Every structure is written in structure tokens, then in C-alpha cells.
Amino acid sequence: MLLRHTPTEITDRKALMINPAKTCQPIGAMYASLGIHGCMPHSHGSQGCCAYHRSTLTRHYKEPVVAATSSFTEGSSVFGGQSNMLQAIDNIFTVYEPDIISVHTTCLSETIGDDLTQIVKKAYDDGKVPEGKHVIYAPTPSYVGSHVTGFSNMCKGIVSGFAEKTGEQKNQMNIIPGFVEPSDMAEVKRLATEMGVKTVLFPDTSGVLNGPQTGRYHMFPKGGTTVEELKSTGDSMGTLALGSFASSLAAKFLDTKFKVPCRVLPLPIGLVATDRYIDTLRKFAGVTVPDSLTFERGQLVDVMTDMQQYLYGKKVALFGDPDQLIALTEFLVTLDMVPVHIVTGTPGKEFESTIADLTRDSPVPVNIKSHGDMFQLHQWIKNEPVDLLMGNTYGKYIARDEDIPFVRHGFPILDRVGHSYFPTVGYRGGLRLLEQILSALLDRKDRDSSEESFELVM
């Protein structure tokens, strides 16, 4: 029966969330940690929490995700988890030999009030951390925010633990890519390299969660931002934070503590946002835009122009992470499509005001909800049908029940592959995303066409 009993009548719900459009902070923190070279994520809480976070990331990336846990028992839950964590740090360095342990909390350890700063200090004082090794940490209670919040908190924990200021500015840019795919991180780096700009991108999961099959297992792949690169971030000439919800916290920390000027931009998804990213890099680094990127931009503009007849006026419902939705909404508006229902599970009034501004010229009323759920999205769609649904795998149930073309985008995607290998940021990523949208719409057009209007060339 799936969701066919979802009522069309909408009632106000303040204390109940049904099918939330998010997951919990530790998943985002674990993902950020995997983007640091030689890093072992550590979940300070129960074994079951860690297993869920690992399995979700493994199912999305189709790669084995490693993480350790403090493995709380009933006693730890009552008396605190300090002894568990100290023993865990000792065991991890002895058995697995990572360069870094990255600790994040769970609901349980946050609720009982474990002090990570004090515990980590004691680990160093007691000699649990070998010479040349590191332990960093971030508070990530699951009952606050979402996986995007956890990613943001861990990014701040990363620079808090490593960034240094030597007084000698380096000719490099820090880039915090946001909660995006490994393929997106690689594309963000490629665009900067194409412009001749040296960057320190952190975290960087490219080559870690989309690496090759070599026949040999490596617990710590070659990819990821190195400790030396992270230490140098305090001497960079500037920081670009892509996505305000996921990246701005770390960028502002570098600005406040080390006087590294920062600029917060939307994710470079689509034409306008990629132009913005390229132009900001150009100004910061004092370089020119190469012809190669102008060529890529022209290809995207060409397809947008050629296919505009199939995109114009199509109504779209979106759900997912706030930074992704802001960038997607801008791209869809650029394509003359009409986003009408937009839901994120991450709280934040900034999201609603930004989306409202992007859709201010919409020909129809736009429903926008932060800290919302997919039940309400489904109700909105029942009352105002759409031509396309975009979001993670959980949207397939709504798409099936309402017979809507569906484009998978965001996190998690559990029933398809490709997202970790093919970017949706930049001009090339915009082309891929546009191809996915067009394929979904034109497949539906073919399916619904009568015998007389079923055409070979469209």
C-alpha cells in the first residue's frame, strides 16, 4: 500500500515528524572525518549507533566505511564513558595505526554530559596518543540539527585541531566543499586547478569513497586532506565556503582566529552558481578564466537553450539538504522550471528566506519548509501536483504513489550508483544534472504519448 493513505487535508503538527527529510549529526561528522588522510572516525556512544552510521554511508557509497566506537554499556551510560574512550584510543592506535582519531559524540554521550575536551586532554596526558599522532573531536548530538550540522561541526573541529598561523602567507586558497559527493569534491578541485589556483580542499573524500578496485583492501586510502595541508590553512590567502549550512562555521573560525578572510557561496550547481564560484576564485587569486572553462560553460548554455521547450513551466517538488536545495532551486529557476514544494529536514530560517527570494517571481505560490518532513511534502503534492520530484532514494515511494517522474539527488541514494563518480557541480556537473532531468521528463512524455504523437525525434 506504500503511502497511499496519506491524507490531502493538512493539519498543523508541532510535536510530531513523519518521515523526516534528514538523518542524524554523527553521519555527517563521520563523512567529514573520512575526508582526512589516515583518519579513523570514532563514535563516542553505543555500538548500535556506530553500526547504523557506518551502514548508511556504506549503502550510499557502495564502499566499506570503517569507524570505531566507545561501545557504551549500561555502566558507561550511568557513570560516563571516559574510561571506554581512553581504552578505545589506546586500542585504535595500537591495532589500526591511524594518523588521526576523529571523535564525534552521539545522543547518549551528550545526554550524560561527557566532556570531550577534558577526555582528549587526559588521553594526551596519560600517553595514550603516540608521538606524531592526533586526536580531534566535535560535539554532534543527534537530537539537534541534522547530518549537515554534524558535517559542519566536524569541519570546525578539523581546523580547530590543526590550523596554525606562521605569519608567512601562502599563495593558496582554502575550499570547504560542503556535504557533497566525492565526485563533486574532485570537480571543485579540478575547476580551481584549471584556473591555476593552488587549493587546500577539506574535507576531501575523492579517492576515498569512490576509489578503484585494485584487488587489495586499504583501510586508509591514499586520498584525503593531509595533516600538513590542514596545518597550512591558517596561512592561506582566503577561504571559500561552499554552502552556508555545511561549510560556513569552519570558514568563520579561520577568519576569526587566524584572520583568513572568508567568502560563503552557494554550492556551484548550475550555470549561475558555477559562474559565481569561478568569478570569486578569479578575484581572490588574481587570475584569468581559461578558455577551457569558457568552452565548458558554453556547452551547458547550448543544451539549456536547445532543450528549453521541454523544461519551460514544469513544476518541481524538491527535498533534501538545505545547501543542495538552495543551489538546485536557483538552477531550476534559470531553466524556466517552477519549484513549487521545497522541504528540508535541517532547521534554519535562513533557508526559507533564501528560497523565497529565489522564487519571488514564481507564477504560482511556493511552499517552503525547513525542519519539515516528507509526509507534508506528500500532502502538498496531492493538493498541487508536480511534473517532477527530486530528492534522495526515500522519494521513490511518493513518486510511485503519485506517478511522478523522479530524479535521485542528494543523500542518501541507496538504490542506484553513479552519484559518487559523476559530479553535479560545475559546468560539467550541470550538464549531467540537466541530462537526468530531461531524461526523466522525456521518458514520461514517451510513455504517455498516444500512437499518433509518439515520435522518433524529439
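This one's a predicted model, so the numbers in the text were calculated from it and none came from an experiment.
- A 4.5 Å side-chain heavy-atom check between Q308 and L335 finds every atom pair outside the cut-off.
- Within the 4.5 Å cutoff, the side chain of S142 has heavy atoms near those of the C107 side chain.
- In summary, R13 and D373 engage in a salt bridge, as defined by a charged side-chain N under 4.0 Å from a carboxylate O.
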message = Could you walk me through whether K369 and E352 satisfy the salt bridge (charged side-chain N to carboxylate O under 4.0 Å, His left out) test, starting with their C-alpha distance in whole Å, then the side-chain angles of each, then the deciding distance to 0.1 Å, before giving a yes or no?
response = CA-CA 7 Å; K369 181 69 174 178; E352 295 186 8; 5.3 Å; no
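- A distance of 10.5 Å separates NZ in K22 from OG in S370, rounded to the nearest 0.5 Å.
- The list of side-chain hydrogen bond (donor to acceptor under 3.5 Å, both in side chains) pairs with a residue in residues 149-161, not counting sequence neighbours, reads Q25-N153.
- The closest side-chain donor-acceptor pair between E350 and S244 falls under 3.5 angstrom.
- Side chains of T346 and F351 form no contact here, defined as non-hydrogen atoms less than 4.5 Å apart.
- The shortest heavy-atom contact between S362 and V338 is OG-CG1, 3.6 Å.
- The pair K231-E228 does not count as a salt bridge, with every side-chain nitrogen at least 4.0 angstrom from each carboxylate oxygen.
- Listed by first and then second residue, the side-chain hydrogen bond (donor to acceptor under 3.5 Å, both in side chains) pairs that reach into residues 406-426 are Q324-H409, T393-D415, K396-D415, R408-D415, sequence neighbours excluded.
- Put simply, the side chain of L34 does not reach to within 4.5 Å of the side chain of C39, judged on heavy atoms.
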Derivation of the side chain to side chain contact (heavy atoms under 4.5 Å, CB included) call for I404 and I381 = CA-CA 10 Å; I404 309 170; I381 291 172; 3.6 Å; yes
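- Considering only residues two or more places apart in sequence or on other chains, D387 meets the side-chain hydrogen bond (donor to acceptor under 3.5 Å, both in side chains) condition with none of them.
- Residues satisfying the side-chain contact (heavy atoms from CB on, under 4.5 Å) criterion with D255, sequence neighbours excluded, are C262.
- For the pair R297 and D275, the minimum side-chain heavy-atom distance is below 4.5 Å.
- In this structure, P290 and M195 approach most closely via the heavy-atom pair CD-CG, 3.9 Å.
- Annotation: the span from L434 atom CG to S439 atom OG amounts to 9.5 Å, rounded to 0.5 Å.
- Heavy atoms only, all atoms of each residue included: A29 and T140 are closest at CB-CG2, 3.8 Å.
- One side chain, D235 or T166, offers a donor N or O that lies under 3.5 Å from an acceptor on the other.
- With values rounded to the nearest 0.5 angstrom, T294 atom OG1 is found 9.0 Å from I278 atom CD1.
- Residues satisfying the salt bridge (Lys or Arg N to Asp or Glu O under 4.0 Å) test with K122, not counting sequence neighbours, are D126.
- Counting non-hydrogen atoms of neighbouring residues, nucleotides and ligands closer than 6.0 angstrom, the NZ atom of K189 exceeds 12 such neighbours.
- Atom OG1 in T344 sits 9.0 Å away from atom CG in D323 (nearest 0.5 Å).
- There is a side-chain donor-acceptor pair under 3.5 Å between S236 and Q172.
- With sequence neighbours left out, the salt bridge (Lys or Arg N to Asp or Glu O under 4.0 Å) criterion links K283 to D279.
- Counting heavy atoms of neighbouring residues, nucleotides and ligands inside a 6.0 Å radius, atom CZ of R276 exceeds 12 of them.
- Of all heavy-atom pairs between H60 and P412, the closest is ND1-CA, 3.4 Å.
- With 3.5 Å as the limit, one finds a donor-acceptor pair spanning the side chains of Q118 and Q82.
- Looking at N84 and S70, their side chains never bring a donor and an acceptor atom within 3.5 Å of each other.
- Using a 4.0 Å cut-off between charged nitrogen and carboxylate oxygen, E164 and K257 do not count as a salt-bridge pair.
- Heavy atoms only, all atoms of each residue included: P339 and T329 are closest at CG-CG2, 4.1 Å.
- Minimum interatomic distance between V333 and L358 (heavy atoms only, all atoms of both residues): CG2-O, 3.9 Å.
- When the salt bridge (Lys or Arg N to Asp or Glu O under 4.0 Å) test is applied to R263, no partner is found at least two apart in sequence or on another chain.
- Counting heavy atoms from C-beta outward, W380 and I10 have side chains that approach closer than 4.5 Å.
- Taking K315 as the reference, E384 meet the salt bridge (Lys or Arg N to Asp or Glu O under 4.0 Å) condition, with sequence neighbours excluded.
- To the nearest 0.5 angstrom, I136 atom CD1 is 11.5 Å from H104 atom NE2.
- Within a 6.0 Å radius of NZ in K170, other residues, nucleotides and ligands contribute 12 heavy atoms or fewer.
- Donor-acceptor pairing under 3.5 Å is lacking for the side chains of D204 and T225.
- Using a 4.5 Å heavy-atom threshold, the side chains of E181 and P423 count as separate.
- Sorted by first and then second residue, the ring pair (Phe, Tyr, Trp, His ring centres under 6.0 Å) pairs with a member in residues 170-200 read Y31-F179, H147-F179, F151-F179, F179-F411; sequence neighbours excluded.
- Going from atom CD of Q376 over to atom CG of D12 covers 8.5 Å, rounded to the nearest 0.5 Å.
- Pairs of residues two or more places apart, or lying in two chains, never qualify as ring pair (Phe, Tyr, Trp, His ring centres under 6.0 Å) while including a residue from residues 270-297.
- Evaluation of the ring-ring contact (aromatic ring centres under 6.0 Å, His included) rule for F406 yields no partner, not counting sequence neighbours.
- One side chain, H44 or D114, offers a donor N or O that lies under 3.5 Å from an acceptor on the other.
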request  = Apply the test side chain to side chain contact (heavy atoms under 4.5 Å, CB included) to residues M304 and L271: give CA-CA distance (whole Å), side-chain angles for both, the deciding distance (0.1 Å), then the verdict.
outcome  = CA-CA 10 Å; M304 289 170 61; L271 181 68; 4.2 Å; yes
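- Judged by distance alone, the side chain of Y124 and the main-chain N or O of V135 form a donor-acceptor pair under 3.5 Å.
- Here the options are V343, L318, I342, N19, the test is side chain to side chain contact (heavy atoms under 4.5 Å, CB included), and the partner is L377; only V343 passes.
- Environment of CD in Q169: crowded, with over 12 heavy atoms of neighbouring residues, nucleotides or ligands closer than 6.0 Å.
- Although no hydrogens or angles enter the test, the distance criterion places no donor-acceptor pair under 3.5 Å between the side chain of H53 and the main chain of P26.
- For the side-chain hydrogen bond (donor to acceptor under 3.5 Å, both in side chains) test, residues two or more places apart in sequence or in another chain that qualify with T117 are Y137.
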